[in-house]
Asker: 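Pasting in a structure now, in structure tokens, and then I'll have a few things to ask.
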Amino acid sequence: MTSVAAARWGLVFWEHEGTARAAVTGPETRSGDAPVPEGAAFVGIEFAVGTSLRHVPTPLLVDGGIELPDTDRASFRLDGARFETPRIDDAEALVERLVRAGTLVRDPVVAGVLRGTSPRTSARTIQRRFRAATGLTQGAVAQIERARTAAVLLSTGGAGADVAATLGYVDEPHLARALRRYVGRTAGALRRGVGGAIALDLGPSGQPTA
């Protein structure tokens with residue numbers, strides 16, 4: 001599967017050949033290939049930019065992650081506590097439990113920046129707290145999100161020139177470079193829906209994703 005750059009971290013649970021596993025996945029700064037074992041079943045939860053784990057600094061997760069020990073089909077251990085392993089239909093309930101336990105935290109300064117407000121603090125402090133919460137700079141987050149949006153627009157029939165203009169790319173070659181780095185597909189491949197599975201929600205007109 002093509003792994004697409006992402007500004008968000010997540011939790012992923014999977015079972016393969018009778019063994020259950022869980023991992024924390026970090027933000028990814030470029031596209032790559034992700035192995036998907038045949039017959040494996042996955043459930044993933046992606047968290048909003050600015051949300052972080054209390055016991056794991058997000059910068060340590062960038063372009064990587066950690067597998068969680070002591071995981072079975074029924075439960076997993078995180079931040080010193082056990083939680084029920086989620087199914088697709090109860091992922092939100094798990095997030096609520098993680099919030100109540102204090103395992104998930106959110107920096108109010110970063111939350112304000114993402115809402116478009118101007119916190120009463122210095123630009124340097126904002127940059128420092130943004131990187132601490134997300135593992136990335138504000139510019140990197142914007143570039144990743146813009147490339148992902150471009151991929152979705154192209155997959156639903158958007159013309160390269162129109163997508164470039166809409167999203168503020170200087171021209172199509174700049175869009176092409178962003179797609180190559182962050183999405184791992186060309187504009188033509190996205191429009192034709194070719195290239196195999198891709199870790200991106202392309203909407204009802206796109207190809208199946210994982």
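Only this structure's heavy atoms are used, side chains among them; waters, hydrogens and symmetry mates stay out.
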Asker: Given the rule in the side chain to side chain contact (heavy atoms under 4.5 Å, CB included) test, do Phe47 and Leu53 qualify, once you have shown the distances and angles that lead to the verdict?
Answerer: CA-CA 10 Å; Phe47 293 86; Leu53 285 169; over 6 Å; no

Asker: CD1/Ile198 to OG/Ser31 distance, rounded to the nearest 0.5 angstrom?
Answerer: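 Those atoms lie 8.5 Å apart.
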
Asker: Below 4.5 Å, heavy atoms only, C-beta onward: do Val4 and Arg185 meet side chain to side chain?
Answerer: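 Heavy-atom side-chain distance check fails, nothing below 4.5 Å.
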
Asker: Roughly how far, to the nearest 0.5 Å, is the CG atom of Leu98 from the CZ atom of Arg54?
Answerer: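 Those atoms lie 10.5 Å apart.
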
Asker: On a heavy-atom basis, which atom in Thr117 and which in Gly112 lie closest, and how many Å separate them?
Answerer: OG1-O, 2.7 Å

Asker: Strictly distance-based, threshold 3.5 Å: is any side-chain N or O of Asp162 a donor or acceptor partner for the main-chain N or O of Ala165?
Answerer: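 It does not hold such a pair.
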
Asker: Are Thr149 and Leu153 side-chain neighbours, meaning at least one heavy-atom pair lies under 4.5 Å?
Answerer: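 The answer is yes, as the side chains (C-beta and beyond) meet within the 4.5 Å cut-off.
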
Asker: Write down the atom of Pro86, the atom of Ala91, and the distance for their closest heavy-atom approach.
Answerer: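 Closest pair (atom of Pro86, atom of Ala91, distance): CB-CA, 4.2 Å.
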
Asker: Side chain to side chain contact (heavy atoms under 4.5 Å, CB included) between Arg146 and Tyr182: does it pass, once the steps are laid out?
Answerer: CA-CA 10 Å; Arg146 183 168 63 157; Tyr182 297 119; over 6 Å; no

Asker: Is the closest side-chain heavy-atom distance between Asp171 and His174 below 4.5 Å?
Answerer: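 The answer is yes, as the side chains (C-beta and beyond) meet within the 4.5 Å cut-off.
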
Asker: Quick check for you: to the nearest 0.5 Å, what is the distance between Glu172 atom CD and Leu175 atom CG?
Answerer: 7.0 Å

Asker: If Ile, Leu, Val, Met, Phe, Trp and Tyr residues are connected whenever their side-chain heavy atoms lie under 4.5 Å apart, and connections chain through other members, are Val105 and Val109 in the same group?
Answerer: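 No: no chain of side-chain contacts under 4.5 Å links Val105 to Val109.
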
Asker: Applying a strict under-4.5 Å side-chain criterion to I, L, V, M, F, W and Y, I'd like to know whether Val62 and Leu11 cluster together.
Answerer: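 Not linked; separate clusters.
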
Asker: Thr85 and Arg73: which non-hydrogen atoms are nearest, and at how many Å?
Answerer: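 For Thr85 versus Arg73, the nearest heavy atoms are CB-O, 3.5 Å.
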
Asker: Hey, any chance Val183 and Val141 share a hydrophobic cluster, counting ILVMFWY side chains that come within less than 4.5 Å of each other, even indirectly?
Answerer: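 Looking at the clustering, Val141 is in the same group as Val183.
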
Asker: Tell me whether Arg82 contacts the main-chain N or O of Ser75 through its side chain, where contact means a donor paired with an acceptor under 3.5 Å.
Answerer: yes

Asker: Between Trp14 and Arg21, is there a side-chain heavy-atom distance shorter than 4.5 Å?
Answerer: yes

Asker: If every non-hydrogen atom of Phe76 is compared with every non-hydrogen atom of Glu84, which pair is closest and at what distance?
Answerer: CE2-O, 3.6 Å

Asker: Return the OG1 to CD1 distance between Thr25 and Ile45, rounded to the nearest 0.5 Å.
Answerer: 10.5 Å

Asker: Side chain to side chain contact (heavy atoms under 4.5 Å, CB included) for Thr121 and Arg129? Distances and angles first, verdict last.
Answerer: CA-CA 11 Å; Thr121 187; Arg129 291 177 65 162; 5.7 Å; no

Asker: So do Leu154 and Leu179 actually touch side chain to side chain, heavy atoms under 4.5 Å?
Answerer: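 Side chain of Leu179 against side chain of Leu154, heavy atoms only: contact under 4.5 Å found.
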
Asker: Taking the side chain as every heavy atom from C-beta outward, state whether Thr58 and Pro27 have any pair of such atoms under 4.5 Å apart.
Answerer: yes

Asker: Where is the tightest heavy-atom contact between Ile144 and Thr29, given as atom of each residue plus distance?
Answerer: CD1-CA, 4.3 Å

Asker: Which heavy atom in Ala34 sits nearest to a heavy atom in Ser3, and how many Å separate them?
Answerer: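 Closest approach of Ala34 to Ser3, heavy atoms only: CB-CB, 4.0 Å.
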
Asker: Following the transitive rule for hydrophobic clusters with a side-chain heavy-atom cut-off under 4.5 Å over Ile, Leu, Val, Met, Phe, Trp and Tyr, establish whether Leu114 and Val99 coincide in one cluster.
Answerer: no

Asker: Are Val24 and Phe42 in one and the same hydrophobic cluster, where Ile, Leu, Val, Met, Phe, Trp and Tyr link if side-chain heavy atoms are under 4.5 Å apart?
Answerer: no

Asker: Only one of Glu46, Arg106, Arg8 forms a side-chain hydrogen bond (donor to acceptor under 3.5 Å, both in side chains) with Thr51, so which one is it?
Answerer: Arg106

Asker: Does any part of the side chain of Arg180, heavy atoms only, come nearer than 4.5 Å to the side chain of Thr186, both counted from C-beta?
Answerer: no

Asker: Any side-chain heavy atom of Trp9 sitting closer than 4.5 Å to one from Val56?
Answerer: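 Heavy-atom side-chain distance check fails, nothing below 4.5 Å.
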
